[in-house]
There are 2 protein chains.
Amino acid sequence: MLVLLVEDDAALAAQLIDFLQHENIEVDYAASVSSAKEIAAQTIKYSRYDAAILDMDLPDGNGISLISEQILGQGVPVLFCTAATALEDKLAAFSAGALDYITKPFDLPELAVRLKLLAKKQGAHAENTFELDSLLIDFNTQIAKRGERILVLSPQQWLLLSLLTKHAPNPVSKEDILCKVWPDQDVNNNMYKSLLTRLRKNISRDSERELLHTIKGQGLVLRKHSE
Amino acid sequence: MLVLLVEDDAALAAQLIDFLQHENIEVDYAASVSSAKEIAAQTIKYSRYDAAILDMDLPDGNGISLISEQILGQGVPVLFCTAATALEDKLAAFSAGALDYITKPFDLPELAVRLKLLAKKQGAHAENTFELDSLLIDFNTQIAKRGERILVLSPQQWLLLSLLTKHAPNPVSKEDILCKVWPDQDVNNNMYKSLLTRLRKNISRDSERELLHTIKGQGLVLRKHSE
DNA sequence: AGGCATGGTAACCATAAGGTAACAGTGTAG
DNA sequence: CTACACTGTTACCTTATGGTTACCATGCCT
């Protein structure tokens, strides 16, 4: 079992790594948001994490951004482990997609148990695929197909598509999309429109049913029928 | 979404039930192990719980026994909510099969979030719909139907309709509507009238019953009969 | 009646919002 | 260096949203 640990307190991290290894859990370690991105980018090419342990307060940002920018890839369960005890911090983490939240100080065995629970559920439960009409997405292999045709998606398109699948069949607001696909960047509406056209072209070709519908003023949805 | 709550502190239980109901979660309540068994036995015949919230210390036993004796049936996710903070208690709960563990005192919203997470993973989803006569609104998917006809609503119309459903079957004053639909804008009565006509046209067509009634001098209501 | 306030409907149309295609700058692999 | 993929930019088209106006209905008061 392979886990990503992002934690700026080196002493705590060392302790954690040591403990987890005794539990037969391999750990990739990063001390900051930026290094986490690098490590994850390399690792994800070859395998995927079974879970991630994130800290909230990091020297160069907030752990939440690692989720919202989808650095970890689809379906990697996230456990926040942080000193922040405020309710709003917890809610922010959960709404970003965290699956558990534990506050410092904590007992190592509890963390390990919760971690295993997350990873187990992930492995047992989710084959980590999404299916709609003849569209099939496998998040493990990062392959998307429409029928037998394999879709070649750019990074942006992949990001948007996985964001939509996560919420389907519920819509995602344009604002959400903008700040997830282009985090801390200048965005304009044209960039959004371009991306959308490109993704549509890839997903539906010829007479294939359109699956990507915009609800005016509301957002984007992935579903069979426009409304 | 249906949840079983087993908790011997009546005041806390009442508070919990109240909060959860506002979150659209139905609650079956038991104050002891024995009554939990009875209630569960009855309920499970007809449906199954989407999750269970268990206390540890109960007058006639330990909540853990409800899991180990398989009272709840297979696959019902369990969240322990208890005053016991000791690591060994937590480990006991997790090893019995609990999926989450939260210690008192806690924040209600956090409990609700964790609960929904559990249930969601299990496959239930909190419904968020409104129904009146043949009008059906799903706020998750943002789809409104009148019978089988799907309503295509503009952003303004959505706003107004959801405002009305929130208060139904009570009226909403015109002033309220004006400042919710057109926040910090110049509004005039014509804009209001137009919006109203358009929404009416969408909701009721041909011989369908009118559901949107204005009460002179009071405001707007969503209900079957004008009075 | 007449005047007037409140509500309701229909039609008009400027404009925002959405959609597409084509081009250009950048980076990267070979 | 070349070729290509990716993405930001621009231009242009289409649609329907929503503000506006004009006109009608009803109820109420003097």
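In what follows, every chain begins at residue 1, and chains take the letters A, B, ... in the order their sequences are listed.
In this structure, CG of A:Asn190 is placed 7 Å from C1' of D:dT9, rounded to the nearest angstrom. Atom CE of A:Met191 and atom P of D:dT10 are 12 Å apart (whole Å). A straight line from CD1 of A:Ile177 to C1' of C:dG18 spans 13 Å, rounded to a whole angstrom. Taking atom CG of A:Asn189 as the reference point, atom P of C:dG19 lies 10 Å away to the nearest angstrom. Per the geometry, CG belonging to B:Leu212 stands 9 Å off P belonging to C:dG8, to the nearest Å. D:dT10 atom P lies 12 Å from atom NZ of A:Lys193, rounded to whole Å. We find that CG of B:Leu159 is positioned 14 Å from C1' of D:dG18, with the value rounded to whole Å. Remark: P of C:dG19 and CZ of A:Arg200 are 5 Å apart, rounded to the nearest angstrom.
Within 4.0 Å of A:Ser154, counting heavy atoms only, lie sugar-phosphate atoms of the nucleic acid but no base atom. Heavy atoms of A:Leu196 sit under 4.0 angstrom from primed sugar atoms or phosphate atoms, though from no base atom.
A donor-acceptor pair under 3.5 Å links the side-chain atoms of A:Asp60 to the main chain of A:Val33, judged by distance alone.
Salt bridge present: B:Asp133 and B:Arg146 bring a charged side-chain N and a carboxylate O closer than 4.0 Å.
Residue A:Trp182 places no side-chain N or O under 4.0 Å from the OP1 or OP2 atom of D:dT7. Contact between the side-chain N/O atoms of A:Gln156 and the OP1/OP2 oxygens of D:dG8 is found at a separation under 4.0 Å. Between B:Lys201 and C:dG8 there is no side-chain polar atom (N or O) within less than 4.0 angstrom of OP1 or OP2.
The base of D:dG19 sits within donor-acceptor range of the side chain of B:Arg198, with an N or O pair under 3.5 Å. Side-chain N/O atoms of B:Ser194 and base N/O atoms of D:dT20 include a donor-acceptor pair closer than 3.5 Å.
Between A:Glu131 and A:Asp138 the shortest side-chain heavy-atom distance does not fall below 4.5 Å. Two residues are said to be in side-chain contact when any heavy atoms from C-beta on lie closer than 4.5 Å; B:Ile143 and A:Arg223 meet this criterion.
Checking C:dG8, C:dG18, C:dA21 against every side-chain atom of A:Thr214, the shortest atom distance belongs to C:dG18.
For the salt bridge (charged side-chain N to carboxylate O under 4.0 Å, His left out) criterion with B:Asp100, the lone passing option out of B:Arg114, B:Lys90, B:Lys116 is B:Arg114.
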